[in-house]
Amino acid sequence: MKREDQVMVYRQQQEESAKAALQQAKDKTAANANGYGDAMDVDEEGEKEEEMLGSKVIVIHPGSQNLRIGLASDALPKSIPMVIARRSDQAEFEVEPPRPKRQKVDAGGNVEEEDEEEEEEEEEEEHMFGPEFTHQLHEMSAELKQRMRNNKRRILPNSKDLVISYNNRTTAEVVKEHNDPNRVEWTEVQADSPPEYYVGKEALRIPDTSRPRYRLVWPIRHGWLNEKDYKSKRRLFADIRVILEGAMKAELGIAKKDIRGAYSAVLVVPDLYEKVYVNEMLELLFKDFFFQQVCIIQVGAFLDPGCVEQLLTCQRTFRSP
């Protein structure tokens, strides 16, 4: 492992700090000679408090499930779901079949045959079981029976019917909303003027029966660009831009118009990445957000997160690698 003074990023910071200290000493000497050194010290202290190291650097780490974002001076990053909900004719549960697909089978692996009344009552439930689920259920049931026999416990032959009849007789207890510790604050969709999209937690908390309907889309899935759910790559990166813009405004309090000429960015990419992804993200950060400079850090799965594998400092006009 390299020491901190052997890594380019830390070495540059130390050199800049040394240059700033030297320049400060020269300015202070000149100010004392002119007779207004005290006032200058007060101004310098105020500037130091305002401009903390890393307070103008935004660290961006896109992921399949969450987007981690924050200032380089923050102790911990902010985390929001990497998802966007756009207006649609149908929600995802109305278009896609329920998963995983399941079907009731007996101990021999055959589909159970039920009466017509039971089939009508449990028509939807029949599709909620599958061979894998049933196999695991039988294994757990056989293991439980074996343990009960070893402990000389009595096994009731109609235990399943007793459980079903008890559940049918028991009424559910309704928890008051103000006493519910796991209460979810659902997103209220205005029917008069509904927005075109929601991002982050607001997107995940949209009711399924909202009017109009919204459909969730994840721009990144399993560490790769989710081109399956998008008709064009331009729309995919447009959603990434919207998510980034909303996260900066909501979590960091930084509007898009305030970034130009004032902030730099650090983009964290995984050890296995696509060249197209890096190029498009660079173009997005430079041309859409107008960052001064962008640093790309590649962190491997088996490396220290602070270890810099690749560092690219780019100008405002850049050439694709």
Side-chain angles (χ1 to χ4, degrees), residues 4-5 7-24 27 43-63 67-80 82 199 219-220 234 236-270 273-299 305-321:
E4 290 187 356
D5 56 350
V7 180
M8 182 183 296
V9 176
Y10 296 107
R11 190 167 65 249
Q12 288 180 348
Q13 291 180 356
Q14 293 175 358
E15 292 176 357
E16 292 178 359
S17 300
K19 291 180 181 179
L22 180 62
Q23 185 65 31
Q24 180 182 357
D27 296 341
D43 294 341
E44 289 178 354
E45 291 177 0
E47 291 179 358
K48 285 183 180 180
E49 293 178 357
E50 292 178 0
E51 299 291 334
M52 294 177 59
L53 182 63
S55 61
K56 295 295 183 180
V57 179
I58 301 176
V59 182
I60 303 171
H61 186 185
L67 166 68
R68 293 174 178 85
I69 190 170
L71 297 175
S73 58
D74 295 340
L76 296 173
K78 307 292 190 304
S79 181
I80 65 169
M82 189 71 179
V199 297
I220 302 176
R234 178 172 299 187
L236 189 154
F237 282 98
D239 284 353
I240 295 179
R241 176 184 58 80
V242 170
I243 295 174
L244 289 177
E245 184 177 353
M248 292 178 189
K249 187 175 182 180
E251 301 295 337
L252 306 180
I254 301 175
K256 183 180 178 182
K257 61 181 180 180
D258 300 331
I259 297 176
R260 185 168 191 169
Y263 287 88
S264 302
V266 174
L267 177 64
V268 181
V269 298
Y273 65 90
E274 291 179 326
K275 181 180 178 181
V276 177
Y277 168 74
V278 177
N279 292 341
E280 294 291 343
M281 288 299 295
L282 278 175
E283 185 175 358
L284 178 70
L285 296 177
F286 276 118
K287 293 187 177 181
D288 288 356
F289 290 95
F290 299 100
F291 281 103
Q292 283 184 330
Q293 54 189 1
V294 176
C295 168
I296 300 178
I297 296 181
Q298 180 187 11
V299 181
C307 180
V308 179
E309 289 293 316
Q310 183 179 1
L311 177 65
L312 299 176
T313 304
C314 306
Q315 303 293 333
R316 182 172 301 280
T317 59
F318 68 98
R319 184 170 54 189
S320 301

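Between Phe291 and Ser264, the shortest heavy-atom contact is CD2-C, 3.6 Å. Annotation for Ser73 and Ser55: closest pair OG-CA, 3.7 Å, computed over non-hydrogen atoms. Heavy atoms only, all atoms of each residue included: Pro219 and Ile240 are closest at CB-CG1, 3.7 Å.
Annotation: the span from Lys249 atom NZ to Lys256 atom NZ amounts to 12.0 Å, rounded to 0.5 Å. Rounding to the nearest 0.5 angstrom, the gap separating the CE atom in Met82 from the CD1 atom in Ile243 is 4.5 Å. Residue Tyr263 holds its OH atom at 15.5 Å from CG of Leu285, rounded to the nearest 0.5 Å. Between the CD1 atom in Ile69 and the CG atom in Leu67 there is a gap of 5.5 Å [rounded to 0.5 Å]. Here CG of Leu244 is found 9.0 Å from CD1 of Ile259. Values are rounded to the nearest 0.5 Å. Atoms CE and OH, on Met281 and Tyr273 in that order, are 14.0 Å from each other to the nearest 0.5 Å.
Proximity of Phe289 to Met248: side-chain heavy atoms (C-beta onward) are separated by under 4.5 Å at one or more points. Looking at heavy atoms from C-beta onward, Ile297 lies out of side-chain contact with Val269 at the 4.5 angstrom threshold.
Judged purely by distance below 3.5 Å, without hydrogens or angles, the side chains of Asp27 and Gln23 pair a donor atom with an acceptor atom.
Between the side chain of Asp74 and the main chain of Leu71, a donor-acceptor pair closer than 3.5 Å is present.
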Next item on the list: For side chain to side chain contact (heavy atoms under 4.5 Å, CB included), just list the numbers for Val266 and Ile58, CA-CA rounded to whole Å, side-chain angles, deciding distance to a tenth of an Å, and then say yes or no.
Entry: CA-CA 6 Å; Val266 174; Ile58 301 176; over 6 Å; no
Next item on the list: Let me see the working for Ile296 and Leu282 under side chain to side chain contact (heavy atoms under 4.5 Å, CB included), right down to the final yes or no.
Entry: CA-CA 9 Å; Ile296 300 178; Leu282 278 175; 3.8 Å; yes
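With sequence neighbours left out, Glu245 forms a salt bridge (charged side-chain N to carboxylate O under 4.0 Å, His left out) with Arg241.
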